[in-house]
Amino acid sequence: MSKKIEKKKKAEFSIGSEGLSVHTMEIRKQLTYREYRSEKGFLYDEAGHTYKEVDKENIKIYVSTAFAKYGVNKIRLIHCYDESAYDVYRLEMVINPRKLLDPASSYLGIFEPSKKNVQKLVNKFKKLFQDTEIGSDLDSYQFSRIDLCVNIHCDKNKIFRELVRVLRKLPTPPKYKRLYRNTGDKKEDAKYNKHYIKFHCGTHDLVIYDKTYQMEANGIKAEYEKLPNGVLRIEMCCFRTYLRKIEKKERLDTASDFLWYMIRNSGEILTDKIARCFPHWRYMRRKALEEKIDGSHYSPDKQEQMITLIKKMQRKQSFESAFADMKITKEEGKKILERFEKLGISPVPLRENFCADELIDLAELLKQIASGREVEVFYTEAKYR
């Protein structure tokens, strides 16, 4: 007869080598008709099969990926026309700054935060376009989007997978909308949405996802590249309205100065936003959660509601779905969630056979990681001899 032996072990979450910085960014500038025609002709000659035209209502968009291997993922020439107004011409570029500095770099990393690297980026951009019809001075553009970003590494796969599972059930923050991938392939979309969480509001998006899964699913992992056991990527995609407020407040006139400001403040902006949007609670197994509720000051009726929600969230993928099943309104559901947060526990239980007793919430994980500390998770590993 075999003997069960349990051994206490430790998993660690740590920050990626680049720390908190930026990933994708988008720049734009207004064009004259002459500039527009000149740049359109140049991109058509350069692009070949990487060039396509999209014609929407009162808008024509010409898209080129001719410079994608240099980190300029897309170049868009936009023509807005309306019989009652002047025609408007615009150039937009979607850039991966890390790939622009080094086209051979991996898609896993992010832009290394330093003022020296910002200057290198300005110089590399100039060199890439200086002998073309495209404007080569980065400071002649303005930012229409900047993605603040951090990679959190985990050295134990089973701990990482459980964290991703409970995080995908995060409640939608007030004034945000949960967005799901919807390509029409239900099986693939469902699989992808288990690893990818996106919340949208007017000025920015919050995105939390399994970067290792995304790289493998999209085929952007190099053959030689050894991925960590798990990489959780947290992004805040800041759009023009959000960025413009910062530009005005900080009086940042050039694109390079503004980029450096966003990079060096990315940790504070991102951690503050996550802390404001998501609950501060710990994830535990169902039995431990019920014991916490039983020992609380809440009335039996309120305790019963809380325990019902825990049971629902064992299988439900969203709180909205659980609330509908419980036949309660979103406002009533919000009050139940507030009770959980006051107790410091999550209504999303860990799996019964999960190897650790607890996992901390996203806001606390990011806060500790951003401060330079590693987050330790103690778990039990069972073997039979």
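Computed from a predicted model, the values in this text were never measured in an experiment.
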*Asks:* What residues form a side-chain hydrogen bond (donor to acceptor under 3.5 Å, both in side chains) with Arg286, not counting sequence neighbours?
*Replies:*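 Testing Arg286 for side-chain hydrogen bond (donor to acceptor under 3.5 Å, both in side chains), a comparison that skips the adjacent residues, returns Glu290, Gln314.
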*Asks:* Same cluster for Leu43 and Tyr70 if Ile/Leu/Val/Met/Phe/Trp/Tyr side chains link at under 4.5 Å?
*Replies:* yes
*Asks:* Can you list the residues that meet the side-chain hydrogen bond (donor to acceptor under 3.5 Å, both in side chains) rule with Thr308, with sequence neighbours excluded?
*Replies:*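 Expected list: none.
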*Asks:* Please identify each residue that fulfils side-chain hydrogen bond (donor to acceptor under 3.5 Å, both in side chains) with Glu341, with sequence neighbours left out.
*Replies:*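 Applying side-chain hydrogen bond (donor to acceptor under 3.5 Å, both in side chains) to Glu341 gives none.
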*Asks:* Regarding Ser14 and Glu374, do their side chains bring together a donor and an acceptor under 3.5 Å, going by distance alone?
*Replies:* no
*Asks:* Are the side chain of Lys169 and the backbone N or O of Met313 linked by a donor-acceptor pair below 3.5 Å?
*Replies:* yes
*Asks:* Can you sort out the partners of Asn353 under side-chain hydrogen bond (donor to acceptor under 3.5 Å, both in side chains), two or more places apart, ordered by chain and number?
*Replies:* Arg351
*Asks:* What residues form a side chain to side chain contact (heavy atoms under 4.5 Å, CB included) with Cys277, not counting sequence neighbours?
*Replies:* Pro173, Tyr176, Leu206, Lys273
*Asks:* Going by salt bridge (Lys or Arg N to Asp or Glu O under 4.0 Å), name the pairs with one or both residues in residues 258-269, residues two or more places apart or in two chains.
*Replies:* none
*Asks:* Anything under 3.5 Å between a donor and an acceptor, one on a side chain of residues 114-122, the other on a protein residue two or more places apart or in another chain? List them.
*Replies:*
residue : atom : partner : partner atom : Å
Ser114  : OG   : Asn117  : N            : 3.0
Asn117  : ND2  : Glu112  : O            : 3.0
Gln119  : NE2  : Asn123  : OD1          : 3.1

*Asks:* What distance separates Phe258 CZ from Ile27 CD1, expressed to the nearest 0.5 Å?
*Replies:*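 Reported value, rounded in 0.5 Å steps: 13.0 Å.
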*Asks:* Write out all pairs satisfying salt bridge (Lys or Arg N to Asp or Glu O under 4.0 Å) with one or both partners inside residues 17-38, taking only residues at least two apart or from two chains.
*Replies:* Glu18-Arg98, Glu26-Arg76
*Asks:* Does Arg240 use its side chain to pair, donor to acceptor, with the backbone of Phe143 at less than 3.5 Å?
*Replies:*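 Side chain of Arg240 to backbone of Phe143, a donor-acceptor pair under 3.5 Å: yes, one is there.
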*Asks:* Partners of Lys10 by side chain to side chain contact (heavy atoms under 4.5 Å, CB included), sequence neighbours excluded?
*Replies:*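 Expected list: Glu12, Glu376, Phe378.
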*Asks:* Can you sort out the partners of Lys198 under side chain to side chain contact (heavy atoms under 4.5 Å, CB included), two or more places apart, ordered by chain and number?
*Replies:* Leu179, Tyr196, Asp205, Val207
*Asks:* Which residue pairs pass the salt bridge (Lys or Arg N to Asp or Glu O under 4.0 Å) test with at least one member in residues 298-312, sequence neighbours excluded?
*Replies:*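 Qualifying pairs: Lys312-Asp325.
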*Asks:* Under the side chain to side chain contact (heavy atoms under 4.5 Å, CB included) test, which residues partner Lys245, sequence neighbours left out?
*Replies:*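 Once residues adjacent in sequence are excluded, Lys245 has no partner under the side chain to side chain contact (heavy atoms under 4.5 Å, CB included) criterion.
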